[in-house]
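See structure below.
Note that the structure is predicted; figures quoted are calculated from it, not measured. Values below: every heavy atom of this structure, side chains too, minus hydrogens, waters and symmetry copies.
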Amino acid sequence: MTDHILIERPETAPHVQVIRFNRPEKKNAFTRAMYQAMTDALWAADETSDIRVTAFLGSEGCFSAGNDLADFLAFAMSGTMGREVLDFLAALASAKKPAISGVDGLAIGIGTTIHLHCDLTIASDRSLFKTPFVDLALVPEAASSLLAPRLMGHQRAFALLALGEGFSAAEAKEAGLIWKITTPEALEAETLSLAAKLAAKPPEALRIARDLIRGSAEDVLARIEEEARHFAAQLKSAEARAAFEAFMKR
């Protein structure tokens, strides 16, 4: 397992699995190995009765800047998304246990869309949520084109996913993307406290309640695959090459 993903079981929350992004020098940008490590952790949680909740955490001042640029350029050269990415999204969308997230600072691309699959998200007041997909001549991913309009309505979803507007923590809360805002200093403690509170509930009752609230994952999984086909096609396009070249010259 890559050292860029740390899997932890906090003493204060023994039934909680923490997936911690540990690549601060690259703003926690996700590599293919990191995606695989997160997928393995989600699968393990599904099969481990002692794990009742998964919590995602980044590092100080940065949740995740999205996909690693080198991997992203490799995807562009091959015209495909890595299977590791799609496996992670599928595991996230179909996870049997509740997932929560704690965000401090930058949450870009998948660093934003991951929260559409989380049951609760806490963010620090200095957090920024942004998805510059179209600016790179790409399209939304992680079923965000389905989940974001459901959650926040067409106008806000369009502003986030197509216009590429950044959402502050306050704007994200108003839109329903996150549940609660706290300070950077309190973020991790509050996230772990929330995870422990969930993990202490009767697990079968919590599972049924969550399944009823979330509904079937079939349409979400289908949208992930549909978006991936468009994403792969756009990666091969001339406008994507031009966008990448412009980005590299910054």
Side-chain angles (χ1 to χ4, degrees), residues 28-32 34-36 38-39 42-43 56 63-95 99 101 103 106-119 121 129-167 172 175-178 214-244 247:
N28 295 329
F30 295 154
T31 63
R32 297 174 79 160
M34 291 170 73
Y35 278 115
Q36 186 62 59
M38 291 189 288
T39 301
L42 289 171
W43 284 342
F56 292 96
F63 183 73
S64 173
N67 278 310
D68 178 77
L69 183 59
D71 279 358
F72 213 53
L73 292 174
F75 295 157
M77 293 293 291
S78 65
T80 62
M81 288 182 69
R83 192 67 236 176
E84 297 90 343
V85 179
L86 296 177
D87 286 347
F88 168 69
L89 296 177
L92 182 65
S94 58
S101 49
V103 180
L106 289 177
I108 309 299
I110 184 66
T112 284
T113 56
I114 192 174
H115 310 297
L116 295 168
H117 298 274
C118 291
D119 299 292
T121 297
F129 301 85
K130 189 176 177 67
T131 62
F133 302 126
V134 175
D135 291 339
L136 293 172
L138 299 173
V139 300
E141 39 80 284
S144 57
S145 63
L146 176 71
L147 297 174
R150 284 181 180 176
L151 183 71
M152 60 183 71
H154 174 84
Q155 296 268 336
R156 283 175 171 149
F158 195 88
L160 178 70
L161 299 174
L163 186 60
E165 284 291 289
F167 280 43
L177 180 61
I178 68 173
R214 291 171 68 92
S216 172
E218 289 182 7
D219 58 344
V220 176
L221 293 169
R223 183 60 63 92
I224 287 171
E225 293 292 339
E226 181 182 1
E227 289 171 343
R229 289 193 293 272
H230 288 292
F231 201 101
Q234 278 300 113
L235 279 170
K236 301 175 185 177
S237 69
E239 64 179 8
R241 286 195 298 274
F244 286 131
F247 181 84

Keeping the roles fixed (side chain from E227, backbone from V139), state whether a donor-acceptor pair exists under 3.5 Å.
no
Return yes if some donor-acceptor pair links the side-chain N/O of S101 with the main-chain N/O of T121 below 3.5 Å, else return no.
no
Tell me, with the steps shown, if L177 and F129 meet side chain to side chain contact (heavy atoms under 4.5 Å, CB included).
CA-CA 9 Å; L177 180 61; F129 301 85; 4.0 Å; yes
Using 30° and 60° as the class boundaries, would you call the ring planes of Y35 and F88 parallel, tilted or perpendicular?
tilted
Smallest separation among heavy atoms of A240 and L235, with atom names:
CB-O, 4.2 Å
Hey, what do you get for CG (L136) to CD (E239), rounding to the nearest 0.5 Å?
11.0 Å
Is the distance between the ring centroids of H230 and F133 under 6.0 Å?
no
Is a side-chain donor or acceptor of D119 paired with a backbone partner of A99 at a separation under 3.5 angstrom?
yes
Locate the shortest heavy-atom distance separating A93 from L221; write the atom from each residue and the value.
CB-CD2, 3.9 Å
Rounded distance (nearest 0.5 Å) linking atom CD of E84 with atom CE of M38:
11.0 Å
Minimum-distance pair of heavy atoms, taken over all atoms of T112 and A107:
OG1-O, 2.6 Å
Could you check whether any side-chain heavy atom of L146 comes within less than 4.5 Å of a side-chain heavy atom of D219, counting everything from C-beta outward?
yes
For G176 and L151 the tightest heavy-atom approach is O-CD2, 3.3 Å
Heavy-atom distance under 4.5 Å between the side chains of F56 and L92, does that happen here?
yes
Indicate whether the side chain of E141 and that of T113 have a donor and an acceptor atom separated by less than 3.5 Å.
yes
To the nearest 0.5 angstrom, please state how far the CZ atom of R241 sits from the NZ atom of K236.
11.5 Å
N/O donor-acceptor pair under 3.5 Å between H117 side chain and A142 backbone:
yes
Can you measure from CD1 (I114) to OG (S144) and round to the nearest 0.5 angstrom?
12.5 Å
Can you name the closest pair of heavy atoms from T39 and A91 and give their distance?
CG2-CB, 4.1 Å
Test item: Q234 side-chain N/O and A137 main-chain N/O as donor-acceptor pair under 3.5 Å
yes
Min side-chain heavy-atom separation M34-D68 under 4.5 Å
no
Atom CG in L116, atom CG in L161: separation rounded to 0.5 Å?
7.5 Å
Measure the spacing between CG of L89 and CZ of R223 and express it to the nearest 0.5 Å.
14.0 Å
Got a sec: does the CD of E226 have more than 12 other heavy atoms crowding it under 6.0 Å?
yes
